[in-house]
Amino acid sequence: MEKTIDESIQGTSVSTENKDNNKRKLYIESYGCAMNFADSEVVASILTKEGFNTTQKLEDADLVLVNTCSIRDKAEQTVRKRLEKFNAIKKERPHLKVGVLGCMAERLKSKFLEEEKIVDMVVGPDAYKDLPNLIQEIDDGKNAVNVILSKEETYGDIAPVRLHTNGVNAFVSITRGCDNMCTFCVVPFTRGRERSREPQSILEEVKDLWDRGYKEITLLGQNVDSYLWYGGGLRKDFDNASEMQKATAVNFANLLATVAEAQPKMRIRFSTSNPQDMTLEVIRTMAKYKNICKHIHLPVQSGSNRILKEMNRLHTIEEYFILIDNIRQILPNCSISQDMITGFPTETEEDHQDTLKALDYVKYDFGYMYAYSERPGTMAARKLEDDIPEKVKQRRLAEIIALQRGHCQYRSQAHLGKTEEVLIEGTSKKSKNEWMGRNSQSTVVVFPKENYKIGDFVNVKIEDCTSATLKGKAVGYSDNN
């Protein structure tokens, strides 16, 4: 999967500050991973300059955009239902235009535009700068499409409008695309080859966020560990770079250190990591800087070497365990989370038991676990039969989730009695009298509000826990305020 999906924010639409001169209304919904939500901010920034203000009221919209995800069938089905609803609304508002953005765009462009006629515009993830031209096309009564994948586009020159944020945390995209051809994943086909964003533009965006009061950023990419800037160009072409380009190249560890030094009070996270690309240099950089959060999301997908090979994961489970051991040694207080797919084609009970053994070896702090869902266009869909019965998939998934839940409880209990720095992100979902924030390990912490406020760094003594949440009492501000 290579990306985590926060179910609580799927399909959210939000409103930004309006500009008086803008006369048209944009309603935008986002689905999928953090990259899609970050892309929606880029789109809003582009269209703000084209005369659009965002709205949360669908009935006020002149243009509806849905930023889509192709990772799981559930997301696609949800998007299709939403498009049908928007299309029905067009009967009451004939001038309303509907567009599909993102990962579903390339694969379903002709189906949505020509066969089902439920959208006016289809725009791929590398074509957002072409939106002004495409909108002019649909204003003229034509269908519009641009799903061309780019080898250069990183949107590094566009300051995103912060749509999906509490004013405390923000995403900063550092790479686009992916070169890892995992057989279950559609990302290389929907987002193209991997390229990295120019470091100075990243530093400028982070500084701007700090100046505007943000306290935490997440450096974002399909595979952040393979970040490599050598003056522009695809990562795969680095071998052909000049000696000067190679000598001055910036890798992920370099970038991480530079950002940490530039903003020493800004909390820094990153996602997602790929096991074969994560280096000891990155782990040592995390250990060196206090403001780099001690959490690594490290997808494993399976504990079986045979299944890992079928998935084209490019690492063995033994190599993965060595990486885990190195993280534990260099960063003993680091939390580790996982992505796991069960029921991949040809998976046997022995393979499943290997996965359970892997979970027991690592004892992850938390995880994202899924039953395999065949995605059209992937290598697995082309070459492997989806031969595991749904009943078996669900039974294996239930066993994985049950084991992971126990490990979550085990890891949570290790925090009891400790005093930990928490960044307040908002009010607890369960009590308006409590704040919710996260510690460095990305574990949710709740505690009584008292006189603290959103954006404060607070030391909290952990007194109780569930498998997913730490509970405690604030004992004062941390020295990071």
Side-chain angles (χ1 to χ4, degrees), residues 1-5 32-33 35 69-75 103 107 177-194 221-226 236 271-278 296-324 336-359 361-362 364 367-390 392-394 396-397 399-401 403-404:
M1 182 120 179
E2 296 306 38
K3 300 181 291 201
T4 59
I5 291 181
C33 69
M35 285 293 291
C69 172
S70 277
I71 288 294
R72 282 187 286 156
D73 185 61
K74 178 184 175 183
C103 294
R107 189 167 66 79
C178 185
D179 288 346
N180 296 318
M181 302 294 288
C182 300
T183 58
F184 55 81
C185 185
V186 75
V187 166
F189 306 104
T190 59
R191 287 186 173 269
R193 300 308 296 258
E194 189 172 305
Q222 255 72 40
N223 181 15
V224 290
D225 296 273
S226 59
K236 72 180 184 68
S271 186
T272 291
S273 295
N274 208 39
Q276 74 256 25
D277 295 310
M278 186 163 216
I296 297 173
H297 184 64
L298 198 64
V300 62
Q301 308 301 3
S302 174
S304 161
N305 279 329
R306 191 183 69 80
I307 294 297
L308 289 172
K309 189 172 181 180
E310 292 285 355
M311 291 177 167
N312 194 36
R313 285 296 286 170
L314 306 180
H315 65 83
T316 65
I317 197 63
E318 290 80 15
E319 289 166 339
Y320 184 91
F321 288 162
I322 289 171
L323 179 57
I324 293 292
I336 303 172
S337 55
Q338 47 86 351
D339 286 348
M340 191 76 75
I341 297 172
T342 191
F344 191 79
T346 77
E347 183 185 72
T348 65
E349 280 302 312
E350 184 179 358
D351 296 323
H352 173 59
Q353 291 302 317
D354 285 342
T355 291
L356 296 178
K357 290 174 187 174
L359 285 168
Y361 185 92
V362 181
Y364 296 95
Y368 303 86
M369 296 144 287
Y370 309 94
Y372 174 71
S373 169
E374 185 176 88
R375 309 310 300 129
T378 61
M379 198 59 68
R382 288 182 226 167
K383 297 194 172 183
L384 297 171
E385 180 187 353
D386 186 3
D387 60 350
I388 309 300
E390 189 62 30
V392 174
K393 287 182 184 178
Q394 293 305 319
R396 291 175 183 172
L397 180 60
E399 291 176 6
I400 288 170
I401 290 173
L403 187 57
Q404 178 59 59

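Remember, it's a predicted structure, so these values are computed and weren't measured experimentally.
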So, do [X] and [Y] sit near enough that their side-chain heavy atoms are less than 4.5 Å apart?
{"X": "Val300", "Y": "Leu359", "answer": "no"}
{"X": "Met340", "Y": "Thr355", "answer": "yes"}
{"X": "Asn223", "Y": "Glu194", "answer": "yes"}
{"X": "Leu314", "Y": "Asn312", "answer": "yes"}
{"X": "Met369", "Y": "Thr342", "answer": "no"}
{"X": "Asp354", "Y": "Ile317", "answer": "no"}
{"X": "Ile341", "Y": "Met311", "answer": "yes"}
{"X": "Ile400", "Y": "His352", "answer": "yes"}

Work out which heavy atom in [X] is nearest to a heavy atom in [Y]; give both atom names and the distance.
{"X": "Pro299", "Y": "Pro275", "result": "O-CG, 3.3 Å"}
{"X": "Pro345", "Y": "Leu384", "result": "CB-CB, 3.8 Å"}
{"X": "Tyr372", "Y": "Ala380", "result": "OH-CB, 3.4 Å"}
{"X": "Thr272", "Y": "Asp225", "result": "O-OD2, 4.1 Å"}
{"X": "Thr316", "Y": "Glu319", "result": "N-OE1, 2.9 Å"}

Is a salt bridge present between Glu350 and Arg306, judged by a nitrogen-to-oxygen distance below 4.0 Å? no

Would you compute the distance between atom [atom1] of [X] and atom [atom2] of [Y] and round it to the nearest 0.5 angstrom?
{"X": "Thr183", "Y": "Phe344", "atom1": "OG1", "atom2": "CZ", "answer": "3.5 Å"}
{"X": "Ser302", "Y": "Asp339", "atom1": "OG", "atom2": "CG", "answer": "13.0 Å"}
{"X": "Thr346", "Y": "Glu385", "atom1": "OG1", "atom2": "CD", "answer": "10.5 Å"}
{"X": "Phe321", "Y": "Lys357", "atom1": "CZ", "atom2": "NZ", "answer": "10.0 Å"}
{"X": "Arg313", "Y": "Cys185", "atom1": "CZ", "atom2": "SG", "answer": "9.0 Å"}
{"X": "Gln338", "Y": "Gln301", "atom1": "CD", "atom2": "CD", "answer": "8.5 Å"}

Only one of Glu318, His315, Glu310 passes side-chain hydrogen bond (donor to acceptor under 3.5 Å, both in side chains) with Asn305; say which it is. Glu318

Please enumerate all residues that pass salt bridge (charged side-chain N to carboxylate O under 4.0 Å, His left out) together with Glu399, with sequence neighbours excluded. Arg395

Please name all residues satisfying salt bridge (charged side-chain N to carboxylate O under 4.0 Å, His left out) with Asp386, sequence neighbours left out, ordered by chain then number. Lys393

Donor-acceptor contact below 3.5 Å, side chain Arg193 vs main chain Cys178: no

Candidate pair Tyr368 and Gln404, rule side-chain contact (heavy atoms from CB on, under 4.5 Å), full reasoning: CA-CA 10 Å; Tyr368 303 86; Gln404 178 59 59; over 6 Å; no

Using 30° and 60° as the class boundaries, would you call the ring planes of Tyr320 and Tyr364 parallel, tilted or perpendicular? tilted

When you look at Ser273 and His297, which way does the side-chain contact (heavy atoms from CB on, under 4.5 Å) test go after all the steps? CA-CA 6 Å; Ser273 295; His297 184 64; over 6 Å; no

